Each structure stands twice: as C-alpha cells, then as structure tokens.
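One structure is given here, and the rest of the page talks about it.
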Protein chains: 2
Amino acid sequence: MFTQAGYVGKSKLDFPEFGVARGTPWRSVEGTGREQGPELGAASEPRCRGRAGGAACGVLQTKRAGEMLFSQGDRADGAYEVVRGMLRLYKMLPDGRRQITGFVSTGELVGVTPNGARPYTAEAVTDLVLCRFPPAAFDRMIDEQPGFARRLLSATADDLDAAQEQMLLLGRMTAVEKVVSFLLVLAKRQGGVLARFVDLPMGRNDIADYLGLTIETVSRTLSRLKQAGSIGLPTPTRVEIRDIRRLEMLAHDGAAAAA
Amino acid sequence: MFTQAGYVGKSKLDFPEFGVARGTPWRSVEGTGREQGPELGAASEPRCRGRAGGAACGVLQTKRAGEMLFSQGDRADGAYEVVRGMLRLYKMLPDGRRQITGFVSTGELVGVTPNGARPYTAEAVTDLVLCRFPPAAFDRMIDEQPGFARRLLSATADDLDAAQEQMLLLGRMTAVEKVVSFLLVLAKRQGGVLARFVDLPMGRNDIADYLGLTIETVSRTLSRLKQAGSIGLPTPTRVEIRDIRRLEMLAHDGAAAAA
DNA sequence: CGTCCGATTGATGCGGGTCAAATTGGGTGG
DNA sequence: CCACCCAATTTGACCCGCATCAATCGGACG
C-alpha cells in the first residue's frame with residue numbers, strides 16, 4: 001500500500017533503440033577534450049548507441065567530481081544519460097539554502113524536455129561519464145519510434161511519483177525516519193531487496209540537503225543508529241545493515257525505538 | 001532565475017483535440033446517477049469533447065466535497081480532467097500523517113499514466129464536476145494524434161518541476177516563507193500577476209498538510225501577517241493582498257520582517 | 001610527520017509542535 | 001427572521017526536536 005519508492009535518481013528509460021550500450025568502451029569525448037575518463041581505460045567506441053533513423057545521436061563527455069553540468073536558469077539544450085558515476089540535482093534559495101531534489105545514477109536520464117530554462121542545477125557527485133542527446137534526437141525518436149513517447153512519459157511519471165514520495169518525507173517525517181528511509185531506498189537500489197552493505201557516494205552535506213536536515217543531525221542520527229546496533233559504519237561512506245527489521249520499523253514510525 | 005512555480009495543481013494539457021469544451025453545459029453523469037451537479041443548471045452536452053478518430057471518449061461525473069475519487073493503491077483506471085471545482089492529492093504514513101502533494105483546479109488533468117496502482121489518493125476539496133478518460137483513449141491519442149504525446153510529456157514535466165519546487169519549500173523554508181509563498185502562488189494563478197483578493201477553497205488542515213506545518217502554525221502565521229498589515233482576512237477563506245512588496249520579500253527571506 | 005577537509009561530538013537556543021481553551025461564523029430548525 | 005449548534009479557526013501556554021555555534025577527531029595526501 002505504501003510503496004516507499006523514495007527519490008534517489010531519475011528516469012530510467014530502458015528503451016533498446018536508444019541510449020548507451022551498457023559496458024561499451026569508449027575513447028574520445030566532447031567538450032573539455034579529455035582523452036581519458038576517470039578510471040576507464042582507452043578503447044574504441046566514441047559514440048552512444050542512440051539512433052534516429054540510423055544516425056548516431058549521442059556524444060560522450062566527462063566531468064570531475066564537483067563540476068557543474070548545467071545550472072538553474074541555463075537555456076536547456078538536450079538531455080544526458082549517466083554512463084558512469086552520480087549526479088546531484090538541486091534548487092537553491094537566494095540566501096544559499098539548498099534542496100537536493102534527486103541523485104542520478106548510472107543508466108538514468110536527466111534533463112529531458114528541452115524547452116526553456118533548466119529548472120535545477122546538475123553537478124557531479126563523483127567523477128562522471130555522460131552521454132549527451134541533443135533535443136532534435138528526442139523529437140525524432142518521439143515522432144518516429146512507436147512506443148518511445150510512452151516510455152518517456154512513463155519514466156517521467158515515475159520521477160514525479162518519486163518526487164511526491166520525497167515530499168511526504170520532507171514534510172512529515174522525523175530525522176530518524178528520514179535517514180533510515182534514505183538508507184533503505186539506497187539498499188534496495190544497490191542490491192535488490194537486501195544488500196548487507198550500502199555505499200554512500202555523496203557526503204553528509206548532500207545527504208542533509210536531500211533530507212531537509214543539517215549535517216550535524218544526519219551525523220548524530222547515524223551515530224545513534226550505530227550505537228543501537230541497527231547499522232555499522234566501517235567507513236563514513238559505507239553502511240552495514242545490521243538489523244533490517246528494526247530499520248523497517250523506524251522508517252515509518254520513529255517512535256518504534258522503544259521496542 | 002528562481003522561478004517559484006509553486007505546486008498548486010497538475011497538468012494543464014491545452015490540446016484542442018482533447019478534453020472538455022470549456023463552459024460546455026451538461027446534463028447526465030456516470031456513476032452515482034445524479035442528474036444535476038452542484039451549482040450547475042441542467043443543459044444539453046453529456047459528454048466531453050475528447051475524441052480519438054471521431055468517437056467521444058470522456059464521460060462526465062460529479063463528486064461532493066470530501067468524497068474520494070480514488071485511493072492510494074487502487075488499480076489505476078484512466079485519467080480525469082477537473083471541469084469544475086478542486087481536488088486534493090495526498091500520500092499518508094501508516095500512523096495517519098498526511099502530505100498533500102498538490103491541488104488540482106479547473107481545467108487540469110490528474111491520473112495520467114494508467115499503469116499499475118495509484119500512487120496517491122484523490123479527494124474532492126469542493127463539489128466537483130469531472131470528466132473521465134479511459135486508458136484506451138490516451139493510448140489512441142498518443143498513437144494517432146501527432147504532438148499529443150509531446151504535450152502530455154511536457155505537462156508531466158511541468159508537474160515534476162512544480163513538485164521539485166515544493167520539495168525546496170518543504171525542506172528548506174520557514175513557516176512564514178511557506179505560507180507567504182503559498183499565498184503568492186495562489187494569487188498568481190487566480191489573477192495573473194496581481195490579484196488583490198485570493199480565495200482559499202481548502203481549509204487550514206489542507207493548507208497545513210500541503211506546507212508541512214500544523215493547523216495552528218498556519219493560523220498563527222496568517223494572523224501575524226494580518227496584524228503586520230501585509231494581508232487582510234475578511235473571511236477565513238479569503239485573503240486580501242495588502243503589501244505585495246513585503247510579501248515578496250518574506251517569501252524568500254523570512255528574516256526580512258525587520259525592514 | 002604535518003596539513004587539511006569532512007565527519008563527529010558537545011552545549012545551548014529557538015521555531016514550530018502539542019495540548020488545551022476560547023471564539024467565530026455558516027447552516028439548520030423553530 | 002432569529003436563536004442555536006457544531007465544526008473550523010484562532011489564541012494561549014508549554015515543551016521538544018532539531019538547528020546553531022563551537023570544538024575535536026580522523027583519515028587522505030603531500
């Protein structure tokens with residue numbers, strides 16, 4: 001009944017005629033002209049597989065951790081698929097307060113609907129490999145590939161649902177519930193239903209700005225969960241799920257700490 | 001730069017081949033079999049204008065204030081256009097905490113993407129007149145009407161942006177900023193850029209659950225704005241905008257109260 | 001070994017939640 | 001038309017969870 005989809009990530013298109021061939025090696029990149037991406041060896045395929053009528057329509061590029069992909073207010077100019085790494089998307093208030101609206105992981109799309117201005121900023125959380133699709137590519141796909149539009153619509157609707165789930169988290173959950181929900185969503189995304197270890201590629205700052213908390217509260221909450229035996233923290237970026245049952249209780253009823 | 005789209009409402013499709021003819025009178029309705037809707041006199045057009053290849057594909061129905069249209073978890077079965085009145089959409093936690101994710105006003109669509117289960121509950125805020133579109137109607141439109149899919153995608157993307165804007169509000173704004181932003185968004189929607197009077201069709205409870213606050217805080221905040229001379233409250237459901245300049249400052253920097 | 005940045009831990013204060021009571025006003029029946 | 005009733009709103013008193021401010025820790029890197 002209560003799906004708890006969470007909101008870590010964006011559209012996963014899963015349309016075989018479009019997008020990067022998974023695991024495809026690559027070499028040259030657009031933009032900065034870097035010849036070699038982070039962690040990836042040189043290889044042979046410079047272009048994404050996306051095609052509209054036989055012509056390749058995506059181009060690979062890289063970003064270093066912390067670099068900006070595009071900024072709130074920029075004129076939108078195409079979409080990106082994350083080939084490797086993670087993006088953060090956020091909106092800011094004039095005085096600097098920031099709300100991260102989502103993290104985009106490998107295989108997911110960001111920046112669809114290329115009309116007008118970007119409604120959020122996109123930055124690299126980790127080193128990134130991306131594939132850019134110009135707006136024209138999407139238009140052609142929508143007009144020419146039956147089923148593509150529906151797939152795109154469905155992916156966007158999934159994003160919308162995730163955003164609404166996150167609204168429930170931000171508006172109505174306590175700090176414990178927020179942190180635990182976040183961990184459980186990550187655990188499910190990273191390893192099916194039960195992953196014993198969860199990676200946190202993003203720092204405490206990002207987690208806080210995603211959950212509507214402060215760094216200190218995130219840190220304290222994790223520490224408390226650790227000393228209660230619910231989780232382990234071998235390193236700050238790695239969480240061990242020790243008592244999944246307890247965590248699932250805490251996710252929707254922080255008061256269950258009594259049990 | 002900071003669009004402040006807010007999140008009051010859902011997709012506005014604006015596709016001439018689809019949807020209810022604005023202002024069309026009507027008579028018979030599906031469902032409860034009521035012969036006369038709230039406030040609307042009897043007339044002649046029982047069906048919505050939406051067509052796919054010439055066949056009408058939408059059917060009118062009504063709901064009383066407080067009635068449920070569909071519930072979180074229900075199997076999705078078609079979309080609705082609000083012909084008259086207002087809907088609230090919400091998600092709940094097991095213990096009853098509620099987050100309203102949006103209000104749907106006249107002319108807007110809700111429940112697109114008819115796959116699987118409804119991710120939220122939809123209830124009538126006011127008495128309603130609706131037009132229901134079965135899933136098949138959408139599928140036909142997508143396949144047969146060029147441009148329809150893109151319009152639908154664009155509308156959903158607008159909803160997504162509004163949801164993200166609301167995430168910023170829920171996660172990072174103070175009570176004053178939340179309430180003032182809400183009022184300003186309503187003002188813009190109801191009367192272009194500057195409407196002197198704003199209607200609040202929903203109760204304090206709905207406002208609170210939409211802004212991630214309690215009834216008491218919403219009420220207190222409105223009272224404080226009133227006694228500061230920024231707004232007037234002729235009735236609890238009607239707000240007079242008295243100092244738009246001040247309100248716009250408060251919307252993004254609650255501390256501006258000092259000025 | 002020293003520096004630096006992110007994470008953790010501690011002390012304190014406040015914004016908004018909670019509980020409780022008073023007030024308002026819209027709708028109904030006399 | 002008026003009085004009553006009830007639900008929604010407003011107001012008050014108090015408290016708590018989380019933010020804020022500040023200091024310390026710890027691992028990565030040169």
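Reminder, nothing fancy here: chain letters follow the sequence lines and each chain counts from 1. Treat the numbers as computed from the prediction; the structure is a model and nothing was measured.
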> D:dC18, C:dA7, C:dG16: which one has an atom nearest the side-chain heavy atoms of B:Thr174?
Replying inline: C:dG16

> To the nearest Å, how far apart are B:Asp206 CG and D:dT9 C1'?
Replying inline: 14 Å

> Looking at B:Ser223, does any N or O in its side chain come under 4.0 Å of the phosphate oxygens OP1/OP2 on D:dT11?
Replying inline: yes

> Looking at B:Asp199 and B:Arg238, does any basic side-chain N land under 4.0 Å from a carboxylate oxygen?
Replying inline: yes

Can you check nucleotides 19-21 of chain C for protein contacts, nitrogen or oxygen pairs under 3.5 Å, and list what you find?
unit_1 : atom_1 : unit_2   : atom_2 : d
C:dC19 : N4     : B:Glu216 : OE2    : 3.0

> Does A:Thr217 or B:Pro236 map to a spot on DNA chain D nearer the 5' end, using the closest nucleotide for each?
Replying inline: B:Pro236

> Roughly how many Å is it from CZ in A:Arg97 to C1' in D:dA19, rounded to a whole number?
Replying inline: 13 Å

> Which residue lies toward the 5' end of DNA chain C, A:Arg172 or A:Ile215, if each is placed at its nearest nucleotide?
Replying inline: A:Ile215

>> Can you measure A:Leu222 atom CG to C:dG6 atom P for me and round it to whole angstrom units?
In response: 17 Å

>> Applying a 4.0 Å non-hydrogen cut-off, can you work out what A:Leu213 is touching in the nucleic acid: base, sugar-phosphate, or nothing?
In response: sugar-phosphate

> Ignoring hydrogens and geometry, is there a side-chain-to-backbone donor-acceptor pair from A:Arg172 to B:Leu213 under 3.5 Å?
Replying inline: yes

>> Is the phosphate of D:dA19 approached by A:Thr214 (side-chain N or O, under 4.0 Å from OP1 or OP2)?
In response: yes

> What are the two closest non-hydrogen atoms of A:Ala163 and B:Leu160, and how far apart are they?
Replying inline: CB-CD1, 4.0 Å

> Whole-Å distance between D:dT9 P and B:Leu233 CG?
Replying inline: 12 Å

>> Which heavy atom of A:Val180 sits nearest to which heavy atom of A:Leu247, and what is that distance?
In response: CG1-O, 3.1 Å

> Atom CZ of B:Arg204 and atom P of C:dG17: how far apart are they, to the nearest Å?
Replying inline: 16 Å

